[in-house]
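Below is one structure; the comments refer to it alone.
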Amino acid sequence: MSARRELGRGERVLPGLWRLRLPLPWPGVPHGNAWAIASGSGVVLIDTGYHEPGSLAQLERAMDQVNLRLEHVRLVACTHAHSDHWGQAATIVDRAGCEFWMHPNHEHATRTAGDPEAALARRLEVARQSGVPRVAIERHIERLPRNLASGIARVIEPDRPLVSGVEIETDLGTWTVCETPGHAPSHVCLYQPERRLLISGDHVLGRTSLFYDFGWSPDPVGEFLSSLDVVDGLDARLGLSGHGKPFVDVHGHIGSSRRLARSRLDAVLASLDGQPRTALEITPAIHEEPITDRNAAWLLSETLSYLRHLECSGRVLAQKDGEPVKWELVPGASARPPRPPTGACPQP
Ligand SMILES: [Zn+2]
Ligand SMILES: [Zn+2]
């Protein structure tokens with residue numbers, strides 16, 4: 001029997017700004033947020049929720065609780081191209097007849113959204129590269145449901161690229177786009193400077209949690225740390241994130257994310273002291289929770305992202321001739337302070 005699911009809920013955060021809390025089918029991540037902002041005769045909708053049977057009704061339920069309707073949406077803009085943030089973009093645009101804006105680096109989602117088998121193949125490749133035994137990979141495939149859901153209603157091209165400097169006009173003032181790759185190559189935050197509001201997507205969350213979309217950009221961890229500096233340079237006082245409640249002390253939350261990423265980089269380096277290891281062997285040094293079928297893709301992607309960052313800064317080396325890939329310290333590197341990436345890292 002499946003666990004009882006949450007229902008969509010709407011609540012006013014400020015006059016003219018509403019949080020739409022939408023259910024998700026994922027264990028441990030029971031809901032995600034969309035944000036509606038008053039704009040003239042309607043609203044701008046930031047993020048959309050995940051697409052699955054009944055999901056549009058959940059969004060309508062949440063909107064109805066704050067006296068909004070899908071037909072009020074004048075623009076859909078997404079913080080990034082993960083299914084829980086842009087999954088329903090196509091269905092909302094169909095109903096509202098509005099434009100859809102998103103960052104152009106959405107290939108990490110759009111290349112696999114229409115082809116769940118290809119998405120699975122990518123995950124299995126991460127597992128294989130990480131040193132997961134073939135028998136465990138085969139068992140994982142056997143346990144998967146027949147119909148793999150992508151969470152995306154339909155892939156649509158953005159009407160406008162959501163890049164740094166683009167502005168979104170609302171009744172609460174103008175919101176400016178800041179590109180913040182790392183969690184995903186397509187990630188942006190939206191900042192409203194007069195009210196000091198930050199729509200932070202999954203870049204900065206109220207409860208610190210790190211995820212990197214591995215394999216689509218040269219150094220996701222380096223990009224993430226630089227993107228933390230970008231939002232730290234803003235003067236935000238209220239964070240409106242992709243999951244969880246609004247939070248104050250935005251700088252404190254940015255600092256927590258930075259410290260957690262740096263402590264995990266240190267843990268990777270410490271685990272490599274002495275002998276080469278696979279990503280699978282290193283992962284328990286970073287996470288206390290055991291690796292399971294459910295979390296393996298997340299945890300191994302994170303470990304590979306740290307290894308990649310340390311490789312880019314000249315501190316670890318991959319023994320690429322072996323299979324699975326083993327990683328080792330560059331001699332003398334562990335004592336060196338970390339260097340920023342040189343930009344010389346090849347594309348994955
Ligand atoms: Zn995300
Ligand atoms: Zn999310």
Side-chain angles (χ1 to χ4, degrees), residues 5-6 8-9 19-35 45-52 55 58-59 62 76-89 92 101-113 119 122-123 126 149-153 155 158 162 177-190 198-217 220-221 223-225 227-228 230-231 239-247 253-254 257 260-261 294-295 297-302 304-305:
R5 295 278 295 276
E6 297 204 11
R9 291 211 311 242
R19 176 188 179 203
L20 306 171
R21 192 181 127 144
L22 306 172
L24 287 173
W26 301 330
V29 193
H31 70 265
N33 298 324
W35 303 95
L45 186 67
I46 311 295
D47 289 344
T48 70
Y50 183 91
H51 168 77
E52 61 181 338
S55 59
Q58 296 289 351
L59 174 61
V76 174
C78 292
T79 57
H80 62 298
H82 282 162
S83 56
D84 50 330
H85 297 263
W86 82 299
Q88 303 202 88
I92 298 166
W101 297 2
M102 190 164 74
H103 193 277
N105 292 353
H106 51 64
E107 188 192 32
H108 66 94
T110 44
R111 277 251 307 255
T112 50
R122 251 194 115 81
R123 281 172 53 186
V126 164
S150 71
I152 310 294
V155 173
L162 214 51
V177 174
C178 304
E179 291 175 62
T180 49
H183 172 84
S186 57
H187 203 290
V188 301
C189 292
L190 300 171
L198 180 74
I199 294 182
S200 60
D202 287 352
H203 180 51
V204 185
L205 294 160
R207 187 168 63 91
T208 304
S209 169
L210 303 179
F211 174 87
Y212 311 101
D213 225 326
F214 178 74
W216 299 98
S217 63
V221 173
E223 292 150 25
F224 176 68
L225 292 171
S227 295
L228 287 179
V230 168
V231 289
L240 308 167
S241 54
H243 305 268
K245 294 178 191 163
F247 57 92
H253 285 80
I254 293 166
S257 294
L260 184 60
R294 283 189 189 280
N295 67 16
W298 178 310
L299 299 190
L300 293 174
S301 291
E302 190 178 342
L304 288 169
S305 299

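Ligands are counted one by one from 1 in listed order, and the atoms in each one are counted from 1 as well.
In this pair, His203 and Phe224 present their aromatic rings perpendicular. The plane angle is above 60°, beyond the 30 to 60° band. The aromatic rings of His243 and His85 lie perpendicular to each other, with more than 60° between the two planes, well past the 30° mark.
Within the 2.8 Å limit, Asp202 places at least one N, O or S atom next to the Zn ion (ligand 1). Between the Zn ion (ligand 1) and His82 there is an N/O/S contact shorter than 2.8 Å. For the Zn ion (ligand 1), the set of nearby N, O or S atoms under 2.8 Å includes none belonging to His85.
For Asp202 and His80, the side-chain atoms include at least one donor-acceptor pair closer than 3.5 Å.
Looking at Asp84 and the Zn ion (ligand 2) together, the shortest N, O or S contact belongs to OD2. When the Zn ion (ligand 1) is compared with the N/O/S atoms of His80, atom NE2 turns out nearest.
At least one donor-acceptor pair under 3.5 Å links the side chain of Gln88 to the backbone N or O of Thr48.
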From CA spacing to verdict: side-chain contact (heavy atoms from CB on, under 4.5 Å), His106, Trp86: CA-CA 11 Å; His106 51 64; Trp86 82 299; over 6 Å; no
